[in-house]
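This report concerns only the one structure given below.
Remember, it's a predicted structure, so these values are computed and weren't measured experimentally. So you know, we letter chains A, B, ... as the sequences are listed, proteins then strands, and number each from 1.
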Amino acid sequence: MEEATTSQLLRTRREKLEALERKDIVPFSYGFDRTHTSAEALALFEQEEESLSDGQPGSRVRIAGRMVSFRGHGKSSFAHVQDGEGRIQIYLRLNVLGPEPYEHLDLVDLGDWIGVEGTLFRTRTGEVTVQAETWEMLAKSLRPLPLAKEEVDPETGETRVHSGFQDRQSRYRQRYADLAVHDEIRDLFRVRARIVAELRAFLDERGYLEVETPVLQPIYGGAAARPFVTRHNALGTDLYLRIADELYLKRLIVGGLERVYEIGKDFRNEGIDRFHNPEFTMLEFYEAFADYEDMMEVVEALLERVATEATGSATVTFQGDEIAFKPPFRRLPFVEALEGELGAALDDLTDADLRNRAESLGIPDLKGAGRGKLLDKLFDALVQGDLVQPTFVVDYPRELSPLAKPKRGQPKLTERFELFVAGQEVANAFSELNDPLDQRARFEDQVRLAGAGDDESHPIDEDYLQAMEYGMPPTGGVGIGVDRLVMILTDQPTIREVILFPILRPE
RNA sequence: GAGCCGGUAGCUCAGCUGGUAGAGCAACGGACUUUUAAUCCGUAGGUCCUGGGUUCGAUCCCCAGCCGGCUCACCA
């Protein structure tokens, strides 16, 4: 890389760097005593302007940031400096700065970090600006940023972009440049942080304890997915990157931590598309003495609050659909929804009937699929996509839910719900199975499925069963896919837009 | 994994079924002390994704590969 940087643009910047050094100007400084952010400086002048007499300068400020535009006019120049809160214009005059410092502006490029000290004033065109008295180089940029140049059409108000940084691949691979150049991308990730902070605040207020459980696990479980495998050299053993936090969090419930939650990365060794990244952020929370009905209410309150705090409204627009996070959300029993689409009672349909229906819908890969998987596939194909408004699909078949308690009065079903929004699964929850004998039987069913070719079924976790044998209180548990929630709340079409560094094939 | 589309200057893109490339912005030199898409004059900048093939000649056509986008599949 070092030797390949022979392009004219890169060479020019190296030469400027060398010229700075020859003039004993430190190109990479050690700090800068900033007194105001750009936003603070602008606000300050707005506030003090009235009390200033004509021509009297405003307050003295020291601002710092990245130079993102420069307009030289001979003996004076204008530039914009961008910091974490926005941009502010600086005005540089030969007779204010002095000949040498003004000349040295020739060695500044767009993208350089500079610090400026000066007084605030308003230009003829009305922009609050820092009249620079001194400036210093904070960090030289040796590579041109793909800075866009925008013009707002005075008649239509439309913004025309003269150049920019559009290529998705480049944006994701060089997220630093994407962020440096796009205000809206920085804002997006601030909203994401706000969403996560609100999730925490909500749970903290309700007495949930935030915990951390292992990412490296000797046995994976808690979801149906293929894991990543890694190797611990000293132990001489394989470990799995977790596919869910579930089984460890429920061990903590056994231990008497009655409300726990974890926000962390899960890893699933599956395909990548606009709703799936191999590592993704999951929130799971568990509450002793609650059942899935209680958890639906918690989820409703949580989402209404997070949506409101993050976006200003409980109603958001996602890809053209208005989505209202207004409790109560619709409840739709799984079996009822599926029977409605199939036009028959599930009890009247054999596995072969279901398989035929699935095949006629063109659902592939049905080899080794048991009744549970067939039902699930049919649900995905027939029902899921229509669930645009927040909808709790409730009471899933037992075969699909090896960690959920049987439904009271309907033992073929479980007390489980998934929340669908915009046709996508956003949350998954149950009345947690706390009968260790039943749990062992469910695990054994899973092992049989694995034997039949289902490579996503659970292995038996003896330690988890042991924990449950000590006694696990009735518990409600919920998992929420944070990235998908962020997508919906920020109206982003792909999960990659809400993950700072999404997975790409290595270059 | 399959289908379709794409990869050309730092960025955004154009390039006629073939004659070894252009624009805007950015850059460089010059003029300009309140501009804001600054303006004006001038200059430079390319592994046309990679490797083969066809051809007198390939950014263009063919084959293979790499990377990406979209759709589908996979993903309780």
Side-chain angles (χ1 to χ4, degrees), chain A residues 4-13 15-16 69-80 87 89-97 102 106 109-111 121-127 129 131 143-154 159-173 177 181 222-226 243-244 268-278 280 334 362-365 369 372-373 375-377 379-380 384 393 396-397 399-404 414 416 418 425 428 430 446 449 454-458 479 493-494 496 504-507:
Chain A
T5 55
T6 50
S7 89
Q8 188 189 54
L9 292 162
L10 299 180
R11 257 198 331 272
T12 302
R13 294 206 172 199
E15 284 161 13
K16 288 184 182 176
S69 71
F70 187 88
R71 295 172 294 284
H73 297 267
K75 297 185 180 64
S76 76
S77 300
F78 290 90
H80 276 95
R87 292 174 185 193
Q89 180 167 259
I90 59 174
Y91 179 45
L92 304 132
R93 286 174 65 142
L94 170 61
N95 64 346
V96 176
L97 287 171
Y102 192 82
D106 287 344
D109 287 299
L110 298 189
F121 75 108
R122 190 181 289 277
T123 64
R124 261 187 232 152
T125 52
E127 180 162 351
T129 299
Q131 162 100 270
R143 186 178 289 275
L145 279 170
L147 285 163
K149 197 163 187 178
E150 292 181 357
E151 171 195 22
V152 179
D153 191 303
T159 301
R160 277 184 278 172
V161 180
H162 285 266
S163 70
F165 194 45
Q166 297 300 323
D167 182 67
R168 283 182 189 273
Q169 175 175 188
S170 303
R171 286 184 44 235
Y172 299 147
R173 287 194 197 278
V181 151
R226 288 195 295 269
I243 59 174
R268 297 186 184 175
N269 208 336
E270 307 289 356
I272 299 165
D273 65 23
R274 68 198 195 91
F275 291 102
H276 297 84
N277 195 64
F280 61 99
F334 180 93
I363 299 171
D365 216 24
K373 197 140 198 164
L375 291 171
D376 189 50
K377 296 271 189 192
F379 182 87
D380 285 353
Q384 177 177 336
V393 174
Y396 279 67
E399 309 92 294
L400 281 175
S401 312
L403 301 166
T414 54
R416 172 183 177 188
E418 288 196 2
E425 179 194 339
N428 182 24
F430 358 103
Q446 290 289 307
L449 285 173
D454 185 343
D455 55 2
E456 293 170 348
S457 58
H458 289 229
T494 87
R496 288 177 156 184
L504 294 173
R505 202 177 291 273
E507 276 185 304

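Using a 4.0 Å heavy-atom cutoff across all strands shown, A/Thr414 reaches no nucleic acid atom at all. If you check every strand for non-hydrogen atoms under 4.0 Å, A/Leu145 touches nothing. Within 4.0 Å of A/Phe121, counting heavy atoms only, lies at least one base atom of the nucleic acid. Across all strands, A/Arg416 comes closer than 4.0 Å to base atoms (heavy-atom distances). Nucleic acid contact for A/Gln89: base, since at least one base atom lies under 4.0 Å from a heavy atom of the residue. Among the protein residues, A/Asp109 comes within range of the sugar-phosphate backbone only, with heavy atoms under 4.0 Å from sugar or phosphate atoms but none that close to a base. Residue A/Arg13 is classed as having no contact, given no heavy-atom separation below 4.0 Å to the nucleic acid.
Between A/Tyr91 and A/Phe78, the ring planes are parallel. Angles under 30° get that label, and only those over 60° would be called perpendicular. The aromatic rings of A/Phe334 and A/Tyr396 lie tilted to each other, with the angle between the two planes from 30° to 60°.
If you measure from atom NZ of A/Lys75 to atom P of B/U34, you get 11 Å, rounded to the nearest angstrom. Separating the CG atom of A/Leu10 from the C1' atom of B/G45 is a distance of 12 Å, rounded to the nearest angstrom. The distance from atom CG of A/Asp167 to atom C1' of B/C5 is 14 Å, rounded to the nearest whole Å. Rounding to whole angstrom units, CZ of residue A/Arg274 and C1' of B/C74 are separated by 16 Å. Computed from coordinates, the A/His80 NE2 to B/U34 C1' distance equals 13 Å when rounded to whole Å. When rounded to the nearest whole Å, the span between CZ of A/Arg168 and P of B/U12 equals 13 Å. The separation between A/Gln166 atom CD and B/C25 atom C1' is 13 Å, rounded to whole Å. Rounded to whole Å, atom P of B/A26 lies 21 Å from atom CZ of A/Arg11.
Annotation: side-chain hydrogen bond (donor to acceptor under 3.5 Å, both in side chains) contacts of A/Asn269 (sequence neighbours excluded): none.
Residues A/Phe275 and A/Glu425 have side chains not in contact (no heavy-atom distance under 4.5 Å, counting atoms from C-beta outward).
Distances were taken from every side-chain heavy atom of A/Thr12 (C-beta onward) to each of B/C28, B/U34, B/A76; the shortest belongs to B/C28. Residue A/Asn428 places its side chain closer to B/A76 than to any other of B/A76, B/A27, B/U33. Of the candidates B/U34, B/U35, B/G10, B/U35 carries the atom nearest the A/Glu127 side chain, counting heavy atoms from C-beta on.
B/C28 sits 15 Å from B/G45 when the P atoms are compared, rounded to a whole Å. Across the C1' atoms, B/A73 and B/G51 are found 31 Å apart, a figure rounded to whole Å.
A distance of 11.0 Å separates CZ of A/Arg505 from CD of A/Gln169, quoted to the nearest 0.5 Å. We find the CZ-CG distance between A/Arg143 and A/Asp109 to be 13.5 Å, quoted to the nearest 0.5 Å.
Residue A/Arg71 places none of its side-chain N or O atoms closer than 4.0 Å to OP1 or OP2 of B/U35. Dashed line: the shortest gap from a side-chain N or O of A/Arg505 to OP1 or OP2 of B/G68 is under 4.0 Å. Contact annotation: A/Arg173 side-chain N/O to B/G68 OP1/OP2 distance is under 4.0 Å. Contact annotation: A/Lys377 reaches the phosphate of B/C74 (side-chain N/O to OP1 or OP2, under 4.0 Å).
Remark: the backbone N or O of A/Ser76 is paired with a side-chain donor or acceptor of A/Tyr102 at under 3.5 angstrom.
Positionally, the nearest nucleotide of RNA chain B for A/Leu110 lies more toward the 5' end than for the other of A/Leu110 and A/Ser69. Checking A/Asp273 against A/Leu504, the closest nucleotide of RNA chain B that is more toward the 5' end is the one next to A/Leu504.
One donor-acceptor pair, N or O on each side, does fall under 3.5 Å between the base of B/U35 and the side chain of A/Thr123.
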